Amino acid sequence: MAKFVIAGHADCPYYAKTELLADNLQTNLADFKIHKIVKTSGEWEEWLNTTCSKNGWCHKKSPIVWRELIDRGGKGVLIGGCNEFQEYAYGYYGIKSDMTSLDMNKVSEENLCTKITTIQEDEYLKSLSNPLKVCITNASKPMAYYMVYEIARGDVFGTTTEINLTLLVDDKDSGAIKGLEMEAQDLACTLLRKLTITSDLKEAFDGVSAVVFLDGSSLKPEESREDWLKLNGDLFREYGRTLNAIAANDVKVLIAGDGPLNFNAYMLGTTAPAVARQNIVAMARLLENRAKAAIARKLNVNSAFVVDLITWGNISGTSLTDVNKASVHQYDGAIVGPDWYSRPVKEMVHDDKWLSTEFFDSIKNHESTLTKTIGHCAMLSAASAVIGVLRDWWNGSENGTMLSLGVFSEGWYDLPSDIIFSLPVKFHKGSYEVVQDLDINDDDKRTLESIAKELISEKEVIFPPSHTNTPAPSPVNTGEPQVFGTTETSESKPVTEENPESVAGETADVNIDRTGPLSRIVEEAEPDSKDGTKTNSEKLPTEPISED
């Protein structure tokens with residue numbers, strides 16, 4: 001069987017003549033098959049050069065005709081242009097074209113109109129789809145490698161939601177990330193409409209609906225805490241400015257990289273007042289998952305069956321792991337029940353000493369132990385935690401389960417406002433609400449207050465307190481995560497260095513009345529002054545006070 005390929009630009013009269021001759025041969029010969037390739041005048045030259053270079057041909061005009069070797073395989077056999085194809089058809093089949101120049105021009109005009117109509121129809125069909133634009137920053141990290149497939153196959157944003165995925169990388173990493181782009185194409189995921197690799201912030205954030213930040217730097221031994229915070233703060237304030245200018249109005253932001261996650265989320269929020277505060281969150285899921293895994297190993301169950309365990313506080317600093325409300329499903333105990341049946345974790349563990357010692361030590365040392373075991377940082381579990389947060393945020397948490405999330409505090413549990421604090425939340429489709437009715441004992445309240453002071457001290461590195469005569473708080477967060485636990489019978493544990501002094505302005509923040517579900521409140525951040533500090537709206541009196 002003979003298969004011929006005929007290619008040319010739409011308004012070429014000689015392509016029209018060749019096309020009609022080929023149609024005549026295909027109609028009258030059972031084994032004669034043709035394939036047509038029509039390009040616009042602007043596309044033609046580049047396409048022709050690429051095709052000829054690939055096959056080793058030399059051809060400069062429209063049309064070009066070659067024969068595919070269907071039986072034997074290999075590259076096609078070049079026949080030539082319009083005249084060569086007419087000679088071939090007459091020599092082999094005794095058929096020639098009697099088409100006049102006037103008819104050739106008329107058919108070429110019709111071909112051009114058809115091509116334009118086809119392009120317009122394709123553009124219209126594409127416009128009917130509204131892909132969700134998702135951006136991953138610092139996408140050269142291995143963590144991003146594991147995330148791409150989960151996002152592309154529809155498990156995160158929905159099985160009917162098409163995705164335009166943008167990978168933001170440094171210029172020096174753009175070459176290495178090409179391999180990820182090639183693999184993404186090999187996935188053949190129907191929902192992945194487009195994958196873009198860029199180092200341009202504006203291109204990456206333009207119209208974006210979801211951003212996952214994998215940036216941030218860990219504290220180095222030779223680096224001071226203040227310099228570390230300033231380095232991270234500068235990066236995320238720049239991100240915030242760009243997001244504020246060009247991102248979608250309902251953009252959702254997840255901070256999930258290295259460095260001080262609570263601090264980075266707060267810094268981004270200060271320069272992005274157009275982004276709703278409830279849409280800027282920090283990921284506490286990895287810490288929560290590790291705590292659940294420790295409980296699961298103790299009870300010999302799957303860690304997915306441990307629910308309602310809460311991580312409070314500073315995700316990358318001092319945190320409080322709370323098992324008081326945690327429960328476990330499908331535990332093989334004396335009493336069993338259906339899948340929805342659960343028992344309290346504390347009752348099933350039945351070992352207060354383990355809960356107050358080994359449990360928290362295992363969480364604290366888990367990352368270093370895992371890194372030594374596998375020889376590199378844990379990326380698969382971190383990527384899974386990010387995917388879990390995004391999935392719950394878009395689709396809702398299963399059965400109203402409580403989960404941990406770093407959010408802007410609004411005074412819940414007597415915590416100061418205007419800090420990012422990891423709190424218990426319940427996800428709904430596209431939103432979440434903070435669980436506000438949990439009972440907290442006095443020891444845990446003191447722990448949360450100390451963590452809040454730690455976060456305020458981090459914030460004041462960039463935004464010093466207004467009253468300069470107030471002593472600065474002692475540095476609390478050394479960059480090494482601290483994990484504290486809570487049980488109703490556990491003793492109070494020190495959280496910070498001895499007696500850190502209170503921060504000026506804390507009382508005023510706590511007394512701010514902000515009520516209502518977080519998902520319904522949209523606040524605007526206060527503008528920054530030129531020197532990077534918060535402006536003080538209250539001024540001291542300038543006139544002297546007269547004596548009576």
Side-chain angles (χ1 to χ4, degrees), residues 132-159 161 163-170 173 176-187 189 191-192 195-197 204 208-218 252-259 261 264-265 281-294 296 302-304 311 315-316 363 366-395 397-398 403-406 422 427 481:
L132 186 74
K133 185 172 182 180
V134 180
C135 177
I136 301 175
T137 71
N138 197 18
S140 58
K141 291 189 66 172
M143 190 171 165
Y145 184 89
Y146 296 108
M147 293 169 55
V148 170
Y149 178 57
E150 300 290 340
I151 292 174
R153 70 178 184 177
D155 288 350
V156 179
F157 300 104
T159 56
T161 303
I163 301 295
N164 280 353
L165 182 60
T166 301
L167 304 179
L168 179 65
V169 296
D170 291 333
D173 298 324
I177 204 69
K178 283 290 184 182
L180 177 57
E181 180 183 23
M182 294 170 65
E183 282 205 81
Q185 294 171 348
D186 293 342
L187 293 174
C189 293
L191 295 177
L192 185 59
L195 189 142
T196 304
I197 296 175
V208 71
S209 296
V211 187
V212 180
F213 287 95
L214 304 184
D215 305 83
S217 61
S218 301
K252 292 178 172 58
V253 178
L254 175 61
I255 312 297
D258 299 320
L261 299 187
N264 290 343
V281 301
M283 187 184 75
R285 185 69 63 90
L286 183 58
L287 272 179
E288 178 188 320
N289 286 348
R290 287 172 175 172
K292 289 178 177 178
N302 190 309
S303 59
T311 297
I315 301 161
S316 304
I363 300 173
H366 182 79
E367 184 172 5
S368 60
T369 303
L370 185 59
T371 301
K372 290 178 182 178
T373 302
I374 63 179
H376 57 80
C377 295
M379 292 297 175
L380 183 60
S381 57
S384 177
V386 173
I387 293 300
V389 174
L390 293 175
R391 183 190 298 114
D392 291 336
W393 203 349
W394 254 260
N395 303 291
S397 50
E398 187 176 357
L403 298 161
S404 309
L405 190 69
S422 180
F427 286 99

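All values derive from a computational prediction rather than experimental measurement.
Under the 30°/60° scheme for interplanar angles, the aromatic rings of Trp393 and Phe427 are found to be tilted.
Summarising the geometry of Asn395 relative to Val156, their closest heavy-atom pair is ND2-O, 2.8 Å, with the distance given to 0.1 Å. Of all heavy-atom pairs between Leu132 and Ser209, the closest is CD1-CB, 3.4 Å. What you find for Ala204 and Leu168 is that their closest heavy atoms are CB-CD1, 3.9 Å. The shortest heavy-atom contact between Gly154 and Leu191 is CA-CD1, 3.6 Å. Of all heavy-atom pairs between Ala184 and Val148, the closest is CB-CG1, 4.2 Å. Residues Val211 and Val208 share a closest heavy-atom pair of CG2-CG1, 3.6 Å.
Using a 3.5 Å distance cut-off with no hydrogens or angles, the side chains of Tyr149 and Glu183 do not pair a donor with an acceptor. For the residue pair Asp215/Thr137, the side-chain donor-acceptor check at 3.5 Å is satisfied.
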#### Entry: Derivation and outcome, side chain to side chain contact (heavy atoms under 4.5 Å, CB included), residues Leu187 and Leu192
CA-CA 9 Å; Leu187 293 174; Leu192 185 59; 5.6 Å; no
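Interatomic distance, Ile136 CD1 to Met143 CE, rounded to the nearest 0.5 Å: 9.0 Å. For the atom pair OG (Ser384) and CD (Glu150), the distance works out to 7.5 Å, reported to the nearest 0.5 Å. Atom CG of residue Leu167 and atom SG of residue Cys135 lie 7.5 Å apart, to the nearest 0.5 angstrom. For the atom pair Tyr145 OH and Leu180 CG, the distance stands at 7.0 Å (nearest 0.5 Å). Here the OG atom belonging to Ser316 is positioned 9.0 Å from the CE atom belonging to Met283, to the nearest 0.5 angstrom. Going from atom CD1 of Ile363 over to atom CZ of Arg290 covers 10.5 Å, rounded to the nearest 0.5 Å.
For the pair Ser422 (side chain) and Thr311 (backbone), a donor-acceptor distance under 3.5 Å is present. Checking side-chain atoms of Asn138 against main-chain N and O of Phe213 turns up no donor-acceptor pair under 3.5 Å.
Within the 4.5 Å cutoff, the side chain of Asn164 has no heavy atoms near those of the Thr166 side chain. A 4.5 Å side-chain heavy-atom check between Val386 and Leu286 finds every atom pair outside the cut-off. Residues Asp258 and Lys141 are in side-chain contact: their nearest non-hydrogen atoms beyond the backbone lie under 4.5 Å apart.
Lys292 pairs by the salt bridge (charged side-chain N to carboxylate O under 4.0 Å, His left out) definition with Glu288, not counting sequence neighbours.
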